[in-house]
Amino acid sequence: MANVAAGTVWNLPNYAGELLTASPEKTPFLSMIGGLTGGGLQTNNFEFPLNSNYVHESASQPAITETASLTAPTAISYVRAQEKNVSQIFQEQVSVSYERLANQGRLSGINTAGQANPVVSELDFQIATALKKIARDVEYTLINGSYQIATDASTANKTRGITEAATGAGTEIDASDGELDKSLLNELLRTMYNAGADFENSVIFVNGYQKEMLSTIFTKDGTLAPRDRNVGGYNIQTIETDYGRMGVVLNPFVQTDELVVVDVAKCAPVFQPVPEKGNFFYEMLSKTGAAESGQIFGKLGLAYGAGFYHGFIDSLATE
């Protein structure tokens, strides 16, 4: 069945039976860092800073003679750079005709005496489902988002997601169509550690096939921990690595050929509220006819600390 724009009696049939969808609605990353309304950071500028970073020279043992010490060494001035991200618009419209609202009791399909109507209010259902769509889009963006900054009103701001941040930090591993194994995972974690990751609260996000591969790898090696832990309301398996314990979470919005490691302690949603309205609010739109129309509007970006806190493997075998 295809979704429609404006809802009417004829294109929004109401059926009895359990209300469900085969589309994934779980958004574990978003839930772990606070959700759409669970706090987070705020900005009043669509650009916001993530960090001001600098690098040291390579460590070495000095060999300064007494004679040489009489002259000060060449100065080293440490240059800082700023890493930033942007908030972007998430917006959905809801429109249901008065005729559809007036016919809430009309059922299509199988009608049996005494059966329950699972949707009591068509408008409430459409608003709630539009919010779920936004949450799905946010979850996808937090992981896969590609950075773009607006230069005029016709250019969209797009927030940078974890995989692009890791690519920029050099913590991406190309599996070249190879199967996920422990050596590949170790290479990723070692690369992250050498880049500066501290693995404060790292979680591995994977889609179905790579989750099966992880389970096989760590069960075989006897390192699949028998205990679970909860992060943001998600009960997740824990594996022991050389860099600490890490949770493993199924995430339908991770690409099938990828494994993504996210330090959720370093991540937060950044909201840009509209004055006197807030963020991710619903408001009625101007009437142009006999329909109840409104929109949900919100702005959100991702704060992730620095790209090297996170990492991912891509181009993994998927069969």
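Atom set for the values below is all heavy atoms of this structure, side chains included, hydrogens, waters and symmetry mates excluded. Residues take their numbers from the sequence shown, with the count starting at 1.
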Item checked: Salt bridge K266-D198, side-chain N to carboxylate O under 4.0 Å -> yes

Notebook entry, point to check: More than 12 non-hydrogen atoms from neighbouring residues, nucleotides or ligands closer than 6.0 Å to CG on N45, yes or no?
Noted result: yes

Check: So F281 and F297, would you call those rings parallel, tilted or perpendicular, with 30° and 60° as cut-offs?
Finding: tilted

Next item on the list: Could you tell me whether the side chain of L50 reaches within less than 4.5 Å of the side chain of F48, counting heavy atoms only?
Entry: yes

Notebook entry, point to check: Given the rule in the side chain to side chain donor-acceptor pair (under 3.5 Å) test, do D152 and T155 qualify, once you have shown the distances and angles that lead to the verdict?
Noted result: CA-CA 6 Å; D152 53 47; T155 304; 2.9 Å; yes

Next item on the list: Taking the side chain as every heavy atom from C-beta outward, state whether M192 and F199 have any pair of such atoms under 4.5 Å apart.
Entry: yes

Note to self: When you compare the side chain of E187 with that of K182, does any pair of heavy atoms fall below 4.5 Å?
What the structure shows: no

Notebook entry, point to check: With sequence neighbours left out, what residues match S146 under side chain to side chain donor-acceptor pair (under 3.5 Å)?
Noted result: E164

Check: With a 4.5 Å heavy-atom cut-off, do F312 and Q255 have their side chains touching?
Finding: no

Next item on the list: Rounded to the nearest 0.5 Å, what's the gap from CH2 on W10 to CG on N103? Could you check?
Entry: 8.0 Å

Checklist line | Heavy atoms from other residues, nucleotides or ligands near CZ of F46 exceed 12 (cutoff 6.0 Å) | finding: yes

Notebook entry, point to check: So does Y54 have more than 12 non-hydrogen atoms from other groups sitting under 6.0 Å from OH?
Noted result: no

